[in-house]
Amino acid sequence: MEANTLFHLRVLLLVCFRVCFTLGSDPDPIQDFCIQKPITFPHYHHFSTNLPCKNYSEVTTEDFVFSGLKTAGNFTEAGLATVPVSPTNFPGLNTLGMSFVRADLKPGAINPPHYHPRATEVAHVVKGRVYSGFVDSNNKVYAKEMEEGEMMVYPKGLVHFQMNVGDVTATILGGLNSQSPGIQKIPSVVFGSGINEELLMKAFGLSLKEIGTLKRRFDPVMSNEH
């Protein structure tokens, strides 16, 4: 009886492991491709893989071509420009489990510490010299100055960052293994999300005035008021 119970527990654990592992990444497509139709539903989520596809007869080569990475995006005051590529602006990626981003940084500019909860990222330095790295769960930093042609991988869910340490605008191309990797920028998550001010004061050893200054900088609602 005990041996039979142990056997069933092992089977159950194996099934749970396989299911959890499968759900931990984008589902595999069940067809060659699915060029999604334009969606106008009010609560449509662009990362859904259960979308209506174009009729096969309507699909063309242009559905698999994206030209938006030829030039940089709009630069912020901090000197960072990004062009994210997902099924939202490149429908040919739909159900294929990947997305991309182009990041351009002016000299001295940074891509602040952030992480992608649903994807591993590979970053390729196309131009310039970039200080790049990530922090693991033991709080150890893995970072170096990367030159043109070098690549670095940021494991899924780990905080990573980039800074242009050269004299010219740097360009980085990133590939992610999810069509909806998500992004959470640490400064905005901490000071721009509405976390209780007393908690932030105790966590960072800052005064209420200092917390207020940081919130005005990173809280989109407060920053728009000033």
Side-chain angles (χ1 to χ4, degrees), residues 14 16-34 36 45-51 64-66 68-69 72-73 80-105 109-165 170-190 193:
L14 179 61
C16 287
F17 174 80
R18 291 180 65 87
V19 170
C20 291
F21 181 81
T22 301
L23 294 178
S25 59
D26 288 11
D28 289 331
I30 58 174
Q31 55 202 36
D32 291 344
F33 49 79
C34 171
Q36 66 187 56
H45 294 288
H46 74 269
F47 52 81
S48 173
T49 56
N50 185 25
L51 298 171
F64 303 99
V65 177
F66 181 78
L69 293 183
L80 172 66
T82 59
V83 181
V85 186
S86 70
T88 302
N89 55 357
F90 185 14
L93 289 177
N94 186 44
T95 74
L96 299 184
M98 62 176 63
S99 56
F100 301 89
V101 63
R102 170 176 173 158
D104 292 87
L105 300 92
I110 69 168
N111 191 0
H114 64 279
Y115 68 96
H116 306 288
R118 296 182 289 275
T120 293
E121 179 179 3
V122 175
H124 172 230
V125 178
V126 177
K127 185 179 73 171
R129 192 157 53 93
V130 178
Y131 174 70
S132 172
F134 66 90
V135 182
D136 71 6
S137 57
N138 292 315
N139 216 33
K140 181 177 179 179
V141 177
Y142 296 85
K144 67 165 291 186
E145 290 188 8
M146 296 173 59
E147 300 177 348
E148 292 182 12
E150 291 190 308
M151 301 174 67
M152 189 171 199
V153 62
Y154 311 127
K156 178 180 179 179
L158 296 186
V159 172
H160 52 278
F161 47 83
Q162 297 151 344
M163 178 172 66
N164 185 348
V165 293
T171 300
I172 303 168
L173 292 182
L176 303 102
N177 65 341
S178 171
Q179 73 175 54
S180 177
I183 181 171
Q184 290 193 289
K185 297 183 179 181
I186 303 304
S188 297
V189 167
V190 176
S193 61

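No hydrogens, no waters, no symmetry mates; every other heavy atom, side chains included, goes into these values.
The closest side-chain heavy-atom distance from H114 to I183 is below 4.5 Å. Between F161 and I110 there is no side-chain heavy-atom pair separated by less than 4.5 Å.
Distance alone, capped at 3.5 Å, places no donor-acceptor pair between the N138 side chain and the K140 backbone. For H116 (side chain) and G182 (main-chain N/O), a donor-acceptor pair under 3.5 Å exists by modelled atom type. No donor-acceptor distance shorter than 3.5 angstrom exists from the side chain of R129 to the backbone of E145, with no hydrogens or angles considered. At least one donor-acceptor pair closer than 3.5 Å links the side chain of T120 to the backbone N or O of K156. Looking only at distances, a side-chain donor or acceptor of N89 sits under 3.5 Å from a matching main-chain atom of S86. In this structure, the side chain of H160 engages the main chain of L158 through a donor-acceptor pair within 3.5 Å.
The minimum heavy-atom distance between A143 and Y131, with the atom names listed, is CB-OH, 3.4 Å. For N164 against L105, the heavy-atom pair with the smallest separation is ND2-O, 2.7 Å. In plain terms, the two heavy atoms of V83 and G68 that are nearest each other are CG1-O, 3.7 Å. Closest approach of S193 and V189 over heavy atoms only: OG-O, 2.5 Å. Between E121 and V101, the shortest heavy-atom distance links the atoms OE2-CG1, 4.0 Å.
For Q184, the side-chain hydrogen bond (donor to acceptor under 3.5 Å, both in side chains) partners two or more places apart in sequence, or in a different chain, are Y115. Residues satisfying the salt bridge (charged side-chain N to carboxylate O under 4.0 Å, His left out) criterion with E147, sequence neighbours excluded, are absent altogether. Contacts of K144 classified as salt bridge (charged side-chain N to carboxylate O under 4.0 Å, His left out), with partners at least two apart in sequence or in another chain: E150. Judged as a side-chain hydrogen bond (donor to acceptor under 3.5 Å, both in side chains), and not counting sequence neighbours, the contacts of S132 are Y154. With sequence neighbours excluded, the residues forming a side-chain hydrogen bond (donor to acceptor under 3.5 Å, both in side chains) with S178 are D26, listed by chain and number.
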Checking side-chain contact (heavy atoms from CB on, under 4.5 Å) for the pair Q179/L93: CA distance, chi angles, key distance, verdict? CA-CA 7 Å; Q179 73 175 54; L93 289 177; 5.6 Å; no
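Side-chain rings of F33 and F64 approach one another, their centers coming within less than 6.0 Å.
Between R118 atom CZ and L176 atom CG the span is 11.0 Å, to the nearest 0.5 Å. For the atom pair Y142 OH and M152 CE, the distance stands at 10.0 Å (nearest 0.5 Å). Once rounded to the nearest 0.5 Å, the distance linking NZ of K127 with CD of E148 reads 8.5 Å.
Residue pairs satisfying the salt bridge (Lys or Arg N to Asp or Glu O under 4.0 Å) criterion with at least one member in residues 92-104, sequence neighbours excluded, are listed as follows: R102-D104.
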